[in-house]
Amino acid sequence: MEISIPEITLNDGLTLPVIGFGTYPLKGKDGVNAIVSAINNGYRLIDSAYNYENEGTVGEAVRRSSVPRHELLITSKLPGRYQEYDKAVATIQESLYRANQDYYDLYLIHWPNPSQDKYVEAWQALIDAKKWGLIRSIGVCNFLPEHLDRLEKETGVKPSINQIELHPFFNQAEQRKYHEEKNIATQSWSPFTRGFKDLEIDTLQTIATHHNKTIPQIVLRWHYQLGAISIPKSASPVRQLENISIFDFSLDDAEMAMISALSRPDGRIADQDPAVYEEF
């Protein structure tokens, strides 16, 4: 039985499910099979990126899926090395060619790379690509408030979404508050901190046992109740279903606070601070 996933409407009117499917590092035949399985299990939002080198895999899975293209929402991302305007335009087109798609539903700048200082012209390329019908909604990843403010100030266009590192050990409370004030949706990458081992701790296990759920289900419910769109990845059909089976229970305020309290200042997975981190 297909599970119905609640939806959220972005500031430009595009509607997304609150849980999507992450595809890094799924590639090739096994990647296609995993993504087709996810679609068959009810996922409609599929997250990819130019730098994942799997846009072709995503496109092939979409082609093989029995779900019509217009019912799917496909995301890709612009890499740091192509943020100059002309390069960004060509890269968006190349992304579409790789995936054999006429358009992306969501296209994001992957990192601000502030020392290069080209993210505003990259943003203008996304704005224009949307006007040309190549993209339905445009957003960013890993942008800090000062980067977001600059985009809006210099182009007049605010991102619909900001995909950020967000998990119990790095809860991004201030960034999420800023998003809420600006009506920018929050999307969580690495919602489990890239693996379940780090999550095998007493707090999460106690809550999971209380609800007769798994730790990943508890964590994804936490994301949902924070108002964030999570994009868990799993090649296992059983785990794929488990990850979207979180809408038959809820966490109370105390449980939400217990999970949020796991956050720590050095909680980033790989110390990728957007203020200084450079993506190639």
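As a basis for the values below, the full set of heavy atoms in this structure was taken, side chains included, without hydrogen atoms, waters or symmetry mates.
- Residue pairs meeting the salt bridge (Lys or Arg N to Asp or Glu O under 4.0 Å) criterion with at least one partner in residues 8-21, sequence neighbours excluded, are Asp12-Lys130.
- Atom CG of Asn212 sits in a sparse spot, with 12 or fewer heavy atoms from other residues, nucleotides or ligands closer than 6.0 Å.
- Shown here is Glu146, whose CD atom has more than 12 heavy atoms of other residues, nucleotides or ligands within 6.0 Å.
- Ring centroids of His110 and Phe143 are separated by 6.0 Å or more, keeping the two rings apart.
- Defined by atom type and a distance below 3.5 Å, a donor-acceptor pair is missing between the side-chain atoms of Asn142 and Gln163.
- None of Tyr50, Tyr82, Tyr104, Tyr107 except one satisfies the side chain to side chain donor-acceptor pair (under 3.5 Å) rule with Ser95; the exception is Tyr107.
- For the pair Lys177 and Glu180, the salt-bridge criterion is not met [side-chain N within less than 4.0 Å of a carboxylate O].
- Every residue meeting the side-chain contact (heavy atoms from CB on, under 4.5 Å) condition with His210, not counting sequence neighbours, appears here in chain and number order: Glu255.
- Within the 3.5 Å criterion, the main-chain N or O of Trp111 finds a donor-acceptor partner in the side chain of Gln83.
- Under a 4.0 Å N-O distance rule, the pair Lys118/Glu121 does not qualify as a salt bridge.
- Expressed to the nearest 0.5 Å, how far CZ of Phe192 lies from CG of Asn243 amounts to 4.5 Å.
- Between the side chains of Glu60 and Thr57, no donor-acceptor pair is found at a separation under 3.5 Å.
- For the residue pair Asn11 / Ser160, no side-chain donor-acceptor distance below 3.5 Å is found, with atom types taken as modelled.
- By the 4.5 Å heavy-atom criterion applied to side chains, Ile218 and Phe249 are counted as neighbours.
- One finds the CD1 atom of Ile8 at 8.0 Å from the CG atom of Leu16 (value rounded to the nearest 0.5 Å).
- Inter-residue side-chain proximity for Pro191 and Leu166 is flagged as unmet; no heavy-atom pair is nearer than 4.5 Å.
- Between the side chains of Ser115 and Glu278, a donor-acceptor pair is found at a separation under 3.5 Å.
- The distance from the NZ atom of Lys158 to the CD1 atom of Ile138 is 12.5 Å, given to the nearest 0.5 Å.
- Checked by atom type and distance alone, the side chain of Gln272 never pairs as donor or acceptor with a backbone atom of Tyr277 at under 3.5 Å.
- A side-chain donor-acceptor contact under 3.5 Å links Asp128 and Tyr85.
- Side chain to side chain, Glu55 and Ser76 meet the donor-acceptor criterion of an N or O pair below 3.5 Å.
- A donor and an acceptor atom, one from each side chain of Gln217 and Arg221, are nowhere located under 3.5 Å apart.
- Rounding to the nearest 0.5 angstrom, the gap separating the CD1 atom in Ile259 from the NE2 atom in His167 is 14.0 Å.
- Rounded to the nearest 0.5 Å, atoms CG (Leu226) and CZ (Arg176) are 4.5 Å apart.
- Centroid-to-centroid, the aromatic rings of Tyr119 and His147 come within less than 6.0 Å.
- More than 12 non-hydrogen atoms from other residues, nucleotides or ligands lie less than 6.0 angstrom from CG of Asp248.
- The environment of CG in Asp252 is crowded: more than 12 heavy-atom neighbours from other residues, nucleotides or ligands sit within 6.0 Å.
- A donor-acceptor contact under 3.5 angstrom links the side chains of Trp222 and Ser260, judged on distance only.
- Using a 4.0 Å cut-off between charged side-chain N and carboxylate O, Arg98 and Glu53 make no salt bridge.
- Using a 4.0 Å cut-off between charged nitrogen and carboxylate oxygen, Asp105 and Arg69 count as a salt-bridge pair.
- Side-chain N/O atoms of Ser188 and His223 include a donor and acceptor closer than 3.5 Å.
- Taking CZ of Phe170 as the reference point, atom OG1 of Thr193 lies at 13.0 Å (rounded to 0.5 Å).
- Side-chain atoms of Gln240 and Ser236 include no donor-acceptor pair closer than 3.5 Å.
- A salt bridge links Asp117 with Arg150: the closest approach of a Lys/Arg side-chain nitrogen to an acidic carboxylate oxygen falls below 4.0 angstrom.
- The number of heavy-atom neighbours closer than 6.0 Å to CD of Glu71, taken from other residues, nucleotides and ligands shown, is above 12.
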